[in-house]
Amino acid sequence: MLDLGTTPAAMAADAHARRQQAARDNLWMHFTRMSAVQAADVPIIVRGEGAYIFDAHGKRYLDGLAGLFVNQLGHGRTDLVEAGARQASQLAFFPVWSYAHPTALDLSERLASRTPGDLNRVFFSTGGGEAVETAWKLAKQYFKLTGKPLKHKVISRSIAYHGTTHGALSITGLPGLKAPFEPLVPSTFRVPSTNFYRAPEHGDDLEAFGRWAADQIAVAIENEGPETVAAIFLEPVQNSGGCFPPPPGYFQRVREICDQYDVLLVSDEVICAFGRLGELFGAERYGYQPDLITCAKGLTSGYAPLGATIVSDRLMEPFLRDTAMFAHGYTFGGHPVSAAVALANLDAFDNENVLEHVRSNSAGFRATLERLLDLPIVGDVRGDGYFFGIELVKDKSTKETFNDEEAERLLRGFLSKALFDAGLYCRADDRGDPVIQLAPPLICDQAHFDEIEQILRAVLTEAGALL
């Protein structure tokens, strides 16, 4: 007699139940309300193919967030997997602490050949927060070595997210994320973002607004004392708050201010680098020269963890003297396997014209999302490249936003689950005003954009009826 308990279906059901129990009892998920996990099943994603992911039940979802702004080339790339496997079979691990290995050397050379200006020095980490942490520590030590020991403060923008380590979280401009961990590292200060939709000044003139927003950096430097300010951290397109692009001339004015006050400009490109905006680096997209670039995520398209802080030759110069040393590092920074995957990832970018594909299709993506502006709940569509935010409003004519209770009901009480159930993985977020964020794999085309728009239209129409 057939033992029904050993059928493939029964075994799969048993494995799924065991994993759900592990989600409740063992796995502490990141940025997750764990109380909710105790009462409901956790979506378990088991595989990916191209622009799609599949859950444990076989249901397909369009990956509208590229995992977490990471998977530039899509899922299931055997070339990247094989590059990592080849490297692991030859040299699985060795640190870059006073030693080197070929893949770290080759990748540093290749990155330096593609960065703007003289950003030729690559300090590897394992992720974006570590890259930001590295940049701040380096800035402080650089100024100590060059006779300006008081320059240690950092400026960043309101609502901006720069990471979760104590230093990176201190730079982050989200009070709600910071409060549980205070006191944090002191000496960080905020300036306005480039959210033109809610511009407090020059709301009818984008360039004037950009000039005003940039000039607030100079005001902050003056208020703190130029002799104390080391760096400003800015994303090319600010993620948190819902994809704020820079107004024309904004970064050029910021560069002038940094030069005037001897402040380092850090371009935080953890999300924006490696094609997200149609160029390898966001600084190229907007024509400005940073002193440092922080990057991660798309560097390997998520097939292995890797981050980097790319630094101007000028900042390296004092570290080349006498016994000077940057006493900082990470065990897995520049990991041989991760570096090999990154090299294969960059090969694919070049061989498959990924940047050109993004540039050619970005306008179509924007236009497709802008169709949603006919919905009463959609107030603004903004962003660039393959990186867009849709701001949701209670009253379109006045731009009235939702209060905290309403945003909670809208985003976590309805939209997040409804969008996922409808087959779209994306982000419904209220770090700032309520937004839906979209950053699909860079391989996506008009058919994917149409699918995204159709799902959003159905779910947002239902959401509007519930309000």
Side-chain angles (χ1 to χ4, degrees), residues 70 72-73 80 83-84 86-88 90-139 141-142 264 266-270 272-275 279-284 289-321 324-351 354-355:
V70 168
Q72 314 295 64
L73 298 182
L80 304 191
R86 284 193 302 271
Q87 179 58 45
Q90 183 174 351
L91 179 67
F93 174 75
F94 206 79
V96 291
W97 299 46
S98 300
Y99 296 86
H101 54 76
T103 52
L105 292 166
D106 292 348
L107 181 57
S108 63
E109 180 184 35
R110 188 155 181 188
L111 288 172
S113 74
R114 300 291 295 273
T115 49
D118 69 340
L119 275 67
N120 294 318
R121 304 290 182 158
V122 182
F123 192 101
F124 287 116
S125 56
T126 61
E130 292 178 354
V132 168
E133 196 85 11
T134 297
W136 190 8
K137 290 178 71 175
L138 193 152
Q141 188 175 356
Y142 166 77
L264 302 180
V266 183
S267 189
D268 183 354
E269 307 205 12
V270 172
C272 291
F274 307 108
E279 301 290 347
L280 207 62
F281 295 100
E284 296 176 291
Q289 179 60 55
D291 299 296
L292 304 94
I293 289 176
T294 56
C295 58
K297 295 187 184 287
L299 176 53
T300 65
S301 285
Y303 283 73
L306 188 63
T309 306
I310 311 175
V311 183
S312 165
D313 285 336
R314 175 173 67 92
L315 303 188
M316 169 60 88
E317 196 277 331
F319 291 92
L320 299 177
R321 303 176 199 157
M325 176 182 66
F326 187 34
H328 175 69
Y330 301 99
T331 298
F332 294 110
H335 193 284
V337 175
S338 296
V341 171
L343 286 164
N345 185 54
L346 293 174
D347 284 343
F349 267 76
D350 291 339
N351 296 336
V354 173
L355 301 178

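Keep in mind that this is a model prediction, so the values were computed, not measured. If you read the sequence from its start, that first residue is 1, and numbering goes on from there.
- Looking at Tyr303 and Leu73, their side chains never come closer than 4.5 Å, going by heavy atoms from C-beta outward.
- Between Val270 and Cys295, every side-chain heavy-atom pair lies at or beyond the 4.5 Å cut-off.
- The side-chain heavy atoms of Pro116 and Pro290, taken from C-beta on, include a pair separated by under 4.5 Å.
- Legend: residues meeting salt bridge (charged side-chain N to carboxylate O under 4.0 Å, His left out) with Asp118, ordered by chain and number and at least two apart, are absent.
- For Glu109, there are no salt bridge (charged side-chain N to carboxylate O under 4.0 Å, His left out) partners, not counting sequence neighbours.
- When every heavy atom of Leu343 is checked against every heavy atom of Asp106, the shortest pair comes out as CD1-CB, 3.9 Å.
- Inter-residue side-chain proximity for Ile293 and Val311 is flagged as unmet; no heavy-atom pair is nearer than 4.5 Å.
- Between Pro318 and Ala324 the shortest heavy-atom distance is O-CB, 3.6 Å.
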*Quick one: do Leu264 and Leu292 satisfy side chain to side chain contact (heavy atoms under 4.5 Å, CB included)? Show the steps, please.*
CA-CA 8 Å; Leu264 302 180; Leu292 304 94; 4.2 Å; yes
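- The ring pair (Phe, Tyr, Trp, His ring centres under 6.0 Å) analysis of residues 113-136, with sequence neighbours excluded, yields the pairs Phe123-Phe326, Phe123-His328.
- In terms of modelled atom types and a separation under 3.5 Å, the side chain of Ser267 and the main chain of Glu269 share no donor-acceptor contact.
- A 4.5 Å side-chain heavy-atom check between Asp347 and Arg110 finds at least one atom pair inside the cut-off.
- To the nearest 0.5 Å, atoms NZ (Lys297) and SG (Cys272) are separated by 11.0 Å.
- Every residue two or more places apart in sequence or in another chain was checked for a salt bridge (charged side-chain N to carboxylate O under 4.0 Å, His left out) with Glu284, and none qualifies.
- The nearest pair of heavy atoms linking His335 to Leu306 is N-CD1, 4.5 Å.
- The distance from atom CG of Asp268 to atom OG1 of Thr294, rounded to the nearest 0.5 Å, is 3.5 Å.
- Summarising the geometry of Phe349 relative to Phe274, their closest heavy-atom pair is CZ-O, 3.2 Å, with the distance given to 0.1 Å.
- Closest of all the heavy-atom pairs between Ala296 and Gly128 is CB-N, 3.4 Å.
- Centroid-to-centroid, the aromatic rings of Tyr142 and Phe319 stay 6.0 Å apart or farther.
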*What's the verdict on side chain to side chain contact (heavy atoms under 4.5 Å, CB included) for Asp350 and Arg114, showing C-alpha distance, side-chain angles and the deciding distance?*
CA-CA 12 Å; Asp350 291 339; Arg114 300 291 295 273; 3.3 Å; yes
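- Gln87 contributes a side-chain N or O that, together with a main-chain N or O of Leu91, makes up a donor-acceptor pair within less than 3.5 Å.
- Residue Gln141 holds its CD atom at 11.5 Å from CG of Leu315, rounded to the nearest 0.5 Å.
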*Could you walk me through whether Val354 and Gln72 pass the side chain to side chain contact (heavy atoms under 4.5 Å, CB included) check?*
CA-CA 9 Å; Val354 173; Gln72 314 295 64; 5.8 Å; no
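- Here the side chains of Leu80 and Ser301 are in contact, with some heavy-atom distance below 4.5 Å.
- Here the shortest heavy-atom pairing between Ser338 and Pro305 reads OG-O, 2.8 Å.
- Take Ser125 and apply the side-chain contact (heavy atoms from CB on, under 4.5 Å) test, not counting sequence neighbours, and it matches Glu130, Ala131, Tyr330.
- Annotation: salt bridge (charged side-chain N to carboxylate O under 4.0 Å, His left out) contacts of Asp313 (sequence neighbours excluded): Arg121.
- Atom CG of Leu280 and atom OG1 of Thr115 lie 9.0 Å apart (nearest 0.5 Å).
- Side chains of Leu299 and Leu111 form a contact here, defined as non-hydrogen atoms less than 4.5 Å apart.
- Distance check, rounded to the nearest 0.5 Å: CZ of Arg314 to CG of Leu119 gives 10.0 Å.
- For the atom pair CD (Gln90) and CZ (Arg86), the distance works out to 10.5 Å, reported to the nearest 0.5 Å.
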